[in-house]
Amino acid sequence: MGKTLANDSLYPIPPQCPPNDYRGECHVNQLRKMQASFSWDWGPAIASMGIWRDVYLEGSNSSVIRYVVVELIEDSANDMWNVKSKTYLSKTRGAKADDTKIIYRIEADFHTNLIFVEDVNGTIFDLDEPVIENTLQVPKNVVKRWWPNGYGEQNMYNFNVSIISLGGNDTFIQRIGFRTVELVQEEIKGSKQEKWGNTFYFKVNGIPIFAKGSNYIPSSILPEKGQDKKLIDSILQTARDCNMNMLRVWGGGIYESDYFYQRTDELGIMVWQDFMFACALYPTRKEFLENVRSEVNHQVKRIASHPSIILWAGNNENEAAITGNWYRSNGKQIYNDDYKKLYKQTIRTEFQKLLEGGIFLLSSPSNGIKTDEDGGISKNPYDLRYGDDHTYIYALDGFNPNIYPIPRFSSEYGFQSYPAYSSLKKSTSNESNLVIGSGFLEGRQHHPLGDLEMTLLISYQFQLPPRNSANYTRVFIYYSQVYQAAAIKTETEHYRKYRSILNLDGTGLTMGALYWQLNDVWLAPTWSGMDVSGKWKILQYLIRDAFAPLITVGQLTPYGSLDITIVSDKTVLTDATLSVEVFKWDSFTPIAKIEKNVSMETTSSKTVMSMQTSEYLTELGCGQLSNAANNCFFTLNLLNGTTKLAPENFVFPKPLHDSNLQTPKIEITSVTTISSDKERRFKIVLKTSQIALFIWLECGEVTGKFSENGFHQITSTKTIYFETDGDISSEELRKTIAISNILSVSEMY
Ligand code: BMA
């Protein structure tokens, strides 16, 4: 079908085929199906066939409510919310309906039901699509606001719309959440009034929100399986548990199920919703555009009332593809015209017809309103001083924060890793396939040169064993996960650090960090933080810390100093003590400690300390100026008395393979059950002979979540908690625990 349409096209619509490494299908841009069904750099080509949602017959004597679209507008002057609704009805034979009434009911709280009854003007049934528009006023004091995760509760209300006529009745329940959203794009000027671009950040209920989260790809390669509630729950719960407040539903997948958006509402996860166009140019023949128009019409009406959906974007990277000549479109005018026809004239026009206050961007990445000023296509959609940015850096050391750009909003950035060996085993019945570099694993590596890049990156910090050694694959997997986790943590902290910093080149004021990618569709090396079996990679544990409401960030500057910044997403002032300790690699006792009282402004970042690293460490007796940084490292804590306000953080001033780490011997001292009813929650005490980095605990087939994992142990004993998904005794659990750290990787699984 795709091929026929491509052959019929008057000119080629590139890319005709994906890169060879994707092992995918051609001409998918001709079809309005999930684009990633036909392969991606993280997924296989397993296209679905036929109708994949429920099919049913429907009969009725009267008009049926198809959609209720609600927009909530704050009327501060009158202390009211304006509830603007559009009720879309089916066109039903026989519904003349001067006898028809519409009843709106908002179940505000236990005592208050707001009920409004109106007559329906029968002439609306002469329209092609009958629609009843209405604005109700709800006093602010009878409802509570909906907040993103981390800022308050996710209060939701039922908005019931009933249509009553002699022929029969119909009722539609739309869940709504009272909140305002603004995308603030204000001009920034330098000291000489020169233009430094625009801000780009979300204000929800008047509060500037740093967007913390990830990119969501379909939860299954088969769209019908992606409707599974348990699967959706486990992925979205991971986002919430990792302190995320935003997910981007990426444009190569599908418009997700009603259940998905119900859960993002309930969990306080804001959604950046792409329209489903990704990494390609698209046709603009008449039928195609008409099909897209009705797609937009349906999807916007279906999901736009969810309070979690805060922004819509026309496509993923298609503007960048044109300006960057990715598909050799060579600046041909026809492709620019087609682009504008599709995203501006078709999608945006339809979108704006349906929603008065909807926020729409033409593409991601884009320069936001600057893109509109540029006519819809900017010369450089990656301009750091405007809109959002996508960044992938695969050749420089990701542990070094200075390699990263400083955009206004990073909506994609990431690194690849392999899933756990225990997960990979499920992908083949022949374990000899599971060797890095085997035909089998290469077949699953769809990112061109992906393994080579990982090998290079790992070598910046760690020493891989010889390629032919027996444990090479397991060590590679573990290092790939450590590297991915630490690099993404560093990059995330870097973005958060810049939320209040404006540089002299106009960059800074970064207000979003959505890493690529949250989830997976198969067992393969990809950018995900959790694998398709639901197992968390190391990244998932580390990102939870990097997204905590309060963090300390220690980063080495290109000038050899260590800058310590505190970042607060909190809306209350925090009085705290920053405690910086210096350790030698061979002792659990710190050799120095600096304390400083800091008072953190609300929702901001502030650099509170700076020191010349090597000089300072030399003074402390870590060694000569030339090697002091190899012998010592820093810990950072933010304390109120003895209470930790932020996750403990670390600064390793040298690459880890150049640091004087001692080989640790790590043992489990005890495993005890701590929940009485079921044997599900355990306390695990670990003992180590030396400081140990990135300790990774695994329990094979026993699945569950650790209170911490991939952690550093700088005390001789440490307590970790583990919650299993199933029952197990503490003795049995103990036998399953495998322990790895950067100097010794377990081969148990
Ligand atoms: C981006 C995405 C995806 C891709 C990812 C990793 O740019 O939009 O197309 O999977 O990079 O390469």
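Quick note: numbers below take in every heavy atom, side chains included, and nothing from hydrogens, waters or symmetry partners. We count ligands from 1, going down the list as the structure has it; atoms in each ligand are counted the same way.
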For [atom], closest protein heavy-atom neighbour:
| atom | result |
| --- | --- |
| atom 11 (O) of ligand 1 | Tyr392 OH, 3.3 Å |
| atom 1 (C) of ligand 1 | Glu412 OE1, 2.7 Å |
| atom 10 (O) of ligand 1 | Asp41 OD1, 2.6 Å |
| atom 9 (O) of ligand 1 | Trp40 NE1, 2.9 Å |
| atom 7 (O) of ligand 1 | Glu317 OE2, 2.4 Å |

Do any N or O atoms from the side chain of Glu491 and from the backbone of Gly398 form a donor-acceptor pair under 3.5 angstrom?
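No; judged by distance alone, with no hydrogens or angles, the pair does not exist.
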Look at the side chain of Ser219 and the backbone N and O of Gly226, then say whether any donor-acceptor pair between them is shorter than 3.5 Å.
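Pair found, side chain donor or acceptor close to backbone of Gly226.
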What atoms of ligand 1 come closer than 4.0 angstrom to any heavy atom of Trp42?
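Ligand 1 atoms under the 4.0 Å threshold to Trp42: 10 (O).
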In ligand 1, which numbered atoms sit nearer than 4.0 Å to a non-hydrogen atom of Cys279?
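What qualifies from ligand 1 is 9 (O).
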Decide, yes or no, whether a salt bridge links Asp372 with Arg348 under the criterion of side-chain N to carboxylate O below 4.0 Å.
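Looking at Asp372 and Arg348, the cut-off is met.
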Decide, yes or no, whether a salt bridge links Asp241 with Arg544 under the criterion of side-chain N to carboxylate O below 4.0 Å.
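No.
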Using the six-membered ring of Phe200, assess whether NZ or CZ of Arg385 lies under 6.0 Å from its centre and within 45 degrees of the ring axis.
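No, Arg385 does not lie over the aromatic ring of Phe200.
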Using a 6.0 Å distance limit plus a 45 degree cone around the ring axis, check whether Arg474 lies over the aromatic ring of Tyr421.
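Judged by the rule (NZ or CZ under 6.0 Å from the ring centre, within 45° of its axis), Arg474 counts as positioned above Tyr421.
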What I want to know is whether Trp250 and ligand 1 share at least one N or O pair that is separated by under 3.5 angstrom.
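Yes; at least one N/O pair falls below 3.5 Å.
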